[in-house]
Every structure is written in structure tokens, then in C-alpha cells.
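Quick caveat, the model's predicted, so the values are computed rather than measured.
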Amino acid sequence: MFRTTALLTLMMTLPFAASVQAQEKEKADTAFLTKVIPGIAASIKIIEYSEKNSSDEKVKDFAERVAKQHKGALKTAKEHAKRLKVEASADPDKDSKEMIDKLSKLTGTDLDVAFLKWLSHIHHDTTLFDNEVKNGADADLKAFAKSSIDSGNEHLKEANELLAKIKK
């Protein structure tokens, strides 16, 4: 009798547990989009500022390429948000304003170095994207997060290479 009751209880709770797990995965998608969209928008502003004000042509070219890629990522993230009916603000957060304020006080190599260090920092921490890859529900959004990690790793590598050349 006890086994039958336990088995029956288990069978009745499995669909509920699966539903809760699906809801948690959907929450991961929502959390990802609501954080990544303003973050990418903020990064674009900082990158465009650096592109316009950099003293080194290689840094300008790099910033231009990264800005183009980030604009594409923002467009894709917004499309995912629309498709998944997630409201996410594309307004750059205060961090972009603070970083642009810091950069605006610098010129020449100091600006280039500060920008490259900032870019290295943002691409070094992939926690938000890793969480989506691991915990997200939507396969297309997870693929976007994985692709973003790969692009970010390329940006990180190139930023560090440029940084090493500038510091010499």
C-alpha cells in the first residue's frame, strides 16, 4: 500500500515539477534579455565614443568593427525579445554614461588604453551569457548567447593584442 501511494504521488508530481522547471527556464530567458539589451546598448555608446575619439587608427578600426557587431547583436536580441514577448528597455544604463564621462577626460594613448581595458573587462565576464546557454528555454536564444560568447572571445583576444602593442 505504501509503495502504491508513494508511486502515485510521484507520478502526480512529475508533471508539476516539469512545469515548474519550464517556467524557471522561461524566467532565465526573460532575465537574460532584460539585462543584455540595455547592456549591449550601453556598450555601443561607449564603443562609438571611443571610435570617434581614439588616437590610434588600429583602435579606431577595431572599435568600428566591434560597434557594428554589437549593433547586430542588439538588433537580434530585440527580435528575440519581441518574439518571446519580453519587454526590455534598450536605454543605456548609467554605466555607459559613467564610462563615457571617464573616457572624455582622457586623450591619446590614455583613452585608447582605457577603452581597450574596458572592452576586455566586459568580454571577460560571460556569466550572463553562460547562464542563458545553460538554463534558458528557447533554443534560438541559447544559440544567440553561445554565438555572443564566441564573438566576445574574439573581441577580447584582439583587444588584448592591441593593448599589448600600445603599451610597448
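- Hydrophobic clustering (side-chain heavy atoms under 4.5 Å, transitive across Ile, Leu, Val, Met, Phe, Trp, Tyr) groups I100 together with V113.
- L162 and V59 make their closest contact through CD1-CA, 4.5 Å (heavy atoms, listed as atom of the first residue, atom of the second, distance).
- Within the 3.5 Å criterion, the main-chain N or O of A143 finds no donor-acceptor partner in the side chain of S147.
- Between atom CG of residue L141 and atom CG of residue L84 there is a gap of 6.0 Å, rounded to the nearest 0.5 Å.
- The side-chain heavy atoms of N53 and F115, taken from C-beta on, include no pair separated by under 4.5 Å.
- Using a 4.5 Å cut-off between side-chain heavy atoms of Ile, Leu, Val, Met, Phe, Trp and Tyr, L156 forms no hydrophobic cluster with any other residue.
- Here the closest non-hydrogen pair linking K142 and K134 is NZ-O, 4.5 Å.
- Residues E158 and R65 have side chains in contact (heavy-atom distance under 4.5 Å, counting atoms from C-beta outward).
- Scanning both residues, A114 and M99, for their nearest heavy atoms gives O-CE, 4.1 Å.
- Each of F129 and I122 belongs to its own hydrophobic cluster when Ile, Leu, Val, Met, Phe, Trp and Tyr are linked at side-chain heavy-atom distances under 4.5 angstrom.
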Show me the donor-acceptor pairs within less than 3.5 Å that the side chains of residues 32-44 make with the rest of the protein, sequence neighbours left out.
unit_1: T34; atom_1: OG1; unit_2: T30; atom_2: O; d: 3.0
unit_1: T34; atom_1: OG1; unit_2: A31; atom_2: O; d: 3.1
unit_1: S43; atom_1: OG; unit_2: I40; atom_2: O; d: 2.7
unit_1: S43; atom_1: OG; unit_2: H70; atom_2: ND1; d: 2.7

Exercise. Can K52 and E48 be said to form a salt bridge (Lys or Arg N to Asp or Glu O under 4.0 Å), step by step?
Worked result: CA-CA 6 Å; K52 191 165 93 174; E48 286 177 334; over 6 Å; no
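- Under the 3.5 Å distance criterion, the side-chain polar atoms of D29 are matched with a main-chain donor or acceptor of A137.
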For this session: For side-chain contact (heavy atoms from CB on, under 4.5 Å), just list the numbers for S96 and Y49, CA-CA rounded to whole Å, side-chain angles, deciding distance to a tenth of an Å, and then say yes or no.
Result: CA-CA 10 Å; S96 68; Y49 176 86; over 6 Å; no
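- With S151 contributing its side chain and S148 its backbone, the two residues share no donor-acceptor pair below 3.5 Å.
- If you check the side chains of T109 and D56, you find no donor sitting under 3.5 Å from an acceptor.
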For this session: Could you walk me through whether K68 and E51 pass salt bridge (Lys or Arg N to Asp or Glu O under 4.0 Å), step by step?
Result: CA-CA 11 Å; K68 183 177 180 181; E51 175 188 354; over 6 Å; no
Exercise. Could you walk me through whether R83 and D138 pass the salt bridge (Lys or Arg N to Asp or Glu O under 4.0 Å) check?
Worked result: CA-CA 11 Å; R83 179 177 59 80; D138 187 80; 2.7 Å; yes
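- Here the side chains of E161 and K157 are in contact, with some heavy-atom distance below 4.5 Å.
- Summarising the geometry of F62 relative to H155, their closest heavy-atom pair is CZ-O, 3.5 Å, with the distance given to 0.1 Å.
- A donor-acceptor pair is defined here as one N or O able to donate and one able to accept, closer than 3.5 Å; no such pair exists between the side chain of D112 and the backbone of S54.
- Across T126 and H123, no two heavy atoms sit closer than the pair CG2-O, 3.7 Å.
- Scanning all heavy atoms of the two residues, the minimum distance from I47 to A63 falls at CG2-O, 3.1 Å.
- Here the side chains of T107 and D110 are not in contact, with every heavy-atom distance at 4.5 Å or above.
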